[in-house]
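These notes concern the structure reproduced below.
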Amino acid sequence: MTMALKGLRGRGAAKPAGATKVEPAAKKEGAVRRIVAAYKMTRKRDRRVGLVTLAWFLGVGIVVGGLLSLLLPWYIGAVTGVMAGALAWLIVFGRRAERAAYAEVEGRPGAAGAALGILRKGWQVQQAVAVTKNQDLIHRVVGKPGVILVGEGNVSRVRNLLAVEKKKHARVVGDVPIYDVVVGEGGDDTVTVPALAKHIQKLPRNITPADITDVMQRLRALDAMRPQIPVPKGPMPTTAKQARAAMRGPQRGR
């Protein structure tokens with residue numbers, strides 16, 4: 001990666017022979033490709049995404065541009081209207097793309113793990129730290145709230161598995177808070193896949209970043225003692241994460 005290469009070279013070191021700087025045009029082309037890929041994926045689940053986003057683009061653009069044209073020169077209103085419409089398009093498309101991505105993975109083994117993939121910096125996510133032969137899974141998230149164990153599969157079996165895992169983790173992490181979350185249809189104290197990340201982000205902050213590092217070191221010892229687990233066949237679904245990454249692509253500075 002370019003950032004890693006920058007770290008290896010000193011500030012005044014000469015660049016390797018034949019090295020070329022990545023052109024901004026190439027970055028823009030990559031961002032456009034990601035948006036196109038996200039649009040195609042979204043349209044499979046949401047046939048109206050094109051019409052809805054176009055309506056928002058035109059509606060917001062005309063309203064903002066028209067109002068500004070009454071106060072400022074028309075060309076300023078036109079440019080601002082186009083920019084406002086494009087922003088509205090991105091926001092609406094991003095939300096519909098995220099819903100389509102969740103619908104794509106929901107109901108498949110590992111769907112909760114895919115939803116956890118959108119958690120950003122400051123969260124340590126480990127998928128499938130415990131798996132049963134029935135494909136009930138326990139994922140683990142470590143962050144400022146403490147340790148969060150997320151179970152998906154048959155609700156009754158998952159609750160029992162979570163209770164076992166919670167005891168194992170408590171012996172390792174000491175007095176660090178441990179939360180357990182069951183992924184389901186949203187009833188009976190369960191959380192749906194689309195609401196999972198927000199549910200975790202709303203948990204109270206209990207530990208510091210330094211504590212998180214210490215907890216991760218302790219958990220490595222716990223994981224080292226685990227027997228080889230039968231991970232479900234096929235790759236874990238990552239559609240939700242890919243769609244969110246596509247939405248972040250064209251927005252610099254995020």
Side-chain angles (χ1 to χ4, degrees), residues 1 3 34 37-38 41-42 90-91 93-131 136-153 158 161-162 165-166 169 172-173 176-184 186 189-220 222-223 231-232 235-254:
M1 295 176 66
M3 292 299 293
R34 289 194 294 271
M41 181 274 295
T42 303
L90 277 174
I91 293 173
F93 174 58
R95 291 176 178 174
R96 297 182 81 95
E98 188 171 326
R99 286 200 298 267
Y102 284 129
E104 185 75 17
V105 301
E106 200 163 12
R108 295 168 52 190
L116 294 172
I118 68 173
L119 292 173
R120 300 176 183 176
K121 186 177 180 181
W123 299 93
Q124 303 292 331
V125 178
Q126 292 174 279
Q127 294 190 24
V129 294
V131 182
D136 300 319
L137 295 94
I138 301 295
H139 310 291
R140 183 173 64 213
V141 181
V142 180
K144 291 183 179 180
V147 178
I148 305 102
L149 300 176
V150 179
E152 61 172 313
V158 163
L161 184 59
L162 276 171
E165 286 297 319
K166 197 169 183 179
H169 282 71
V172 174
V173 301
V176 173
I178 302 176
Y179 297 88
D180 57 273
V181 180
V182 179
V183 175
D189 296 326
T190 63
V191 179
T192 62
V193 170
L196 179 59
K198 291 182 180 179
H199 175 81
I200 290 176
Q201 289 171 329
K202 290 180 180 179
L203 292 175
R205 277 25 181 175
N206 300 308
I207 62 177
T208 66
D211 294 327
I212 293 175
T213 302
D214 179 61
V215 168
M216 291 300 298
Q217 290 177 348
R218 297 186 189 184
L219 291 176
R220 289 190 189 98
L222 173 63
D223 295 338
V231 179
M236 288 286 183
T238 56
T239 312
K241 182 179 179 181
Q242 292 171 349
R244 177 60 64 88
M247 294 302 96
R248 290 202 300 262
Q251 302 176 39
R252 301 183 60 185
R254 288 189 60 181

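The basis for the numbers below is simple: all heavy atoms, side chains too, and nothing from hydrogens, waters or symmetry mates. The first residue in the sequence is number 1, and the count goes up from there.
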Between [atom1] of [X] and [atom2] of [Y], what distance do you get to the nearest 0.5 Å?
X: Asp136; Y: Leu162; atom1: CG; atom2: CG; result: 10.0 Å
X: Ile148; Y: Leu203; atom1: CD1; atom2: CG; result: 5.5 Å
X: Thr213; Y: Gln217; atom1: OG1; atom2: CD; result: 7.0 Å

[X] side chain to [Y] main-chain N or O, any donor-acceptor pair under 3.5 Å?
X: His199; Y: Ala195; answer: no
X: Gln124; Y: Val142; answer: no
X: His139; Y: Val150; answer: no

For [X] against [Y], the heavy-atom pair lying closest together:
X: Ala112; Y: Leu196; result: O-CD2, 3.7 Å
X: Pro145; Y: Ile200; result: CG-O, 4.4 Å
X: Leu137; Y: Ala128; result: CD2-CB, 3.9 Å
X: Glu152; Y: Gly113; result: OE2-N, 3.7 Å
X: Val147; Y: His169; result: CG1-CD2, 4.2 Å

task: Not counting sequence neighbours, list each pair that qualifies as a salt bridge (Lys or Arg N to Asp or Glu O under 4.0 Å) and has a residue in residues 137-150.
output: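 As it turns out, the salt bridge (Lys or Arg N to Asp or Glu O under 4.0 Å) pairs with a partner in residues 137-150, which skip direct neighbours, are Arg140-Asp223.
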Sequence neighbours excluded - salt bridge (Lys or Arg N to Asp or Glu O under 4.0 Å) pairs with any residue from residues 198-216: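 Found Asp214-Arg218.
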message: Going by side chain to side chain contact (heavy atoms under 4.5 Å, CB included), name the residues that satisfy it together with Ala37, two or more places apart in sequence or in a different chain.
response: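 With sequence neighbours excluded, Ala37 shows a side chain to side chain contact (heavy atoms under 4.5 Å, CB included) to no residue whatsoever.
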Name every donor-acceptor pair, under 3.5 Å, that has one atom in a side chain of residues 176-183 and the other anywhere in the protein, sequence neighbours excluded.
residue	atom	partner	partner atom	Å
Tyr179	OH	Asn206	ND2	2.9
Asp180	OD1	Lys166	NZ	2.9

Test side-chain contact (heavy atoms from CB on, under 4.5 Å) applied to Leu116 and Gln127, step by step: CA-CA 9 Å; Leu116 294 172; Gln127 294 190 24; 5.9 Å; no
